[in-house]
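In what follows, chains carry the letters A, B, and so on, assigned in the order in which the sequence lines appear, proteins first and then strands, with residues in each chain numbered from 1. As the structure is a computational prediction, the values presented were derived from the model and not from experiment.
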Amino acid sequence: DTGVSQNPRHKITKRGQNVTFRCDPISEHNRLYWYRQTLGQGPEFLTYFQNEAQLEKSRLLSDRFSAERPKGSFSTLEIQRTEQGDSAMYLCASSLADSSTDTQYFGPGTRLTVL
Amino acid sequence: GQSLEQPSEVTAVEGAIVQINCTYQTSGFYGLSWYQQHDGGAPTFLSYNGLDGLEETGRFSSFLSRSDSYGYLLLQELQMKDSASYFCAVCPLTGGFKTIFGAGTRLFVKA
């Protein structure tokens, strides 16, 4: 499998619980992005890694959100004390730093439902 | 602020040509990208314009005019499978590689 994978594909949780999502990018890609998408909207940027360094984080992201990419390969996104407003599709994408187009390859997403 | 504006919906018939516009307000960016997303699917890359002008990839073409803060995606010989949402996106020069997406244009292709 040479694509971006995400796990789990679906997560249902109760308000106040913590959740963690995993993203495995395309192996040679050194850039990794996390986005959130709600129905009828475009992907909303959350954060970006180049290798293991988190270089950009959206100011819209509250302190309840944290992301890591410890070895520059897979990444995790954790949401603490989930709220109903966190219900969305969480998308991961990867790209190659020296690509002239910065084509981003998206994973299938993790759909989060907070009850 | 930085924003991209797209029409929310476009309807066209099979075999026709449709143009999806994207106007933006951003101080500067690396290039304009277009992505396609089918219902329940992930966005997939279609086209990129780093320079002004037209880029052609099969049935899809994309255009950028930085002086007019405007771009478009042109889909020719429409097929039913082209029914999807289409997003324009930019990566601003300031802010690392934070990518900003438009809200998307829902394309309905009718027989």
Side-chain angles (χ1 to χ4, degrees), chain A residues 1 3-7 9-10 23-26 29-51 53-61 67 69 88-111, chain B residues 1-9 20 22-24 26 29-51 55-57 60 62 64 71 73 84-108:
Chain A
D1 184 12
V4 178
S5 62
Q6 293 186 244
N7 288 288
R9 295 291 306 276
H10 302 274
C23 170
D24 287 271
I26 293 172
H29 285 183
N30 48 5
R31 290 182 183 157
L32 187 147
Y33 307 78
W34 283 100
Y35 295 91
R36 177 171 60 191
Q37 187 177 30
T38 54
L39 194 63
Q41 297 298 313
E44 176 189 12
F45 174 85
L46 294 179
T47 191
Y48 154 72
F49 291 85
Q50 180 139 332
N51 301 310
Q54 188 174 19
L55 297 185
E56 187 73 22
K57 184 176 177 180
S58 170
R59 279 173 279 183
L60 299 174
L61 216 59
R69 194 182 183 198
M89 177 72 84
Y90 289 83
L91 294 166
C92 173
S94 69
S95 70
L96 200 55
D98 59 357
S99 162
S100 60
T101 65
D102 193 43
T103 301
Q104 295 183 33
Y105 295 83
F106 282 81
T110 295
R111 181 167 296 282
Chain B
Q2 298 160 335
S3 64
L4 299 116
E5 299 292 327
Q6 304 179 233
S8 58
E9 287 185 7
I20 299 174
C22 174
T23 57
Y24 57 84
T26 182
F29 56 93
Y30 291 100
L32 182 70
S33 299
W34 289 92
Y35 288 80
Q36 177 193 60
Q37 186 177 30
H38 287 97
D39 285 347
T44 56
F45 173 81
L46 288 178
S47 188
Y48 175 82
N49 292 77
L51 302 174
E55 291 288 337
E56 296 179 88
T57 310
F60 296 168
S62 59
L64 173 63
L73 179 70
S85 293
Y86 293 84
F87 299 93
C88 56
V90 296
C91 185
L93 293 176
T94 57
F97 281 90
K98 171 180 178 177
T99 305
I100 300 172
F101 282 79
T105 298
R106 181 96 179 188
L107 172 64
F108 297 94

Enquirer: Between A:Pro108 and chain B, which part of the residue has a heavy atom less than 4.5 Å away: side chain, backbone, both or neither?
Expert: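 For A:Pro108, backbone heavy atoms alone lie under 4.5 Å from chain B.
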Enquirer: Supply the atom-to-atom distance A:Phe45 CZ to A:Glu56 CD, rounded to the nearest 0.5 angstrom.
Expert: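 CD of A:Glu56 is found 5.0 Å from CZ of A:Phe45.
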Enquirer: Between B:Gln6 and chain A, which part of the residue has a heavy atom less than 4.5 Å away: side chain, backbone, both or neither?
Expert: neither
Enquirer: Find out whether B:Trp34 and B:Phe60 are in side-chain contact, i.e. whether some heavy atom of one side chain is under 4.5 Å from a heavy atom of the other.
Expert: no
Enquirer: Tell me, side chain or backbone of A:Tyr105 under 4.5 Å from chain B's heavy atoms, or both, or neither?
Expert: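 For A:Tyr105, neither part sits under 4.5 Å from chain B.
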Enquirer: Using distance alone, with no hydrogens and no angle criterion, decide if B:Gln36 and B:Tyr86 have a side-chain donor and acceptor under 3.5 Å apart.
Expert: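 There is such a pair (donor and acceptor under 3.5 Å, judged by atom type) between the side chains of B:Gln36 and B:Tyr86.
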Enquirer: Is it the backbone or the side chain of A:Glu44 that comes under 4.5 Å from a heavy atom of chain B, or both, or neither?
Expert: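 Neither part, no heavy atoms under 4.5 Å.
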Enquirer: Can you confirm whether B:Leu46 sits close enough to B:Ser62 that some side-chain heavy atom of one is under 4.5 Å from a side-chain heavy atom of the other?
Expert: no
Enquirer: Which atom pair, heavy atoms only, marks the closest approach of B:Tyr48 to B:Tyr30?
Expert: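 So the minimum-distance heavy-atom pair works out to OH-O, 3.2 Å.
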Enquirer: Give, as side chain, backbone, both or neither, the part of B:Thr99 having an atom under 4.5 angstrom from any heavy atom of chain A.
Expert: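 For B:Thr99, the contact with chain A is made by backbone and side chain together.
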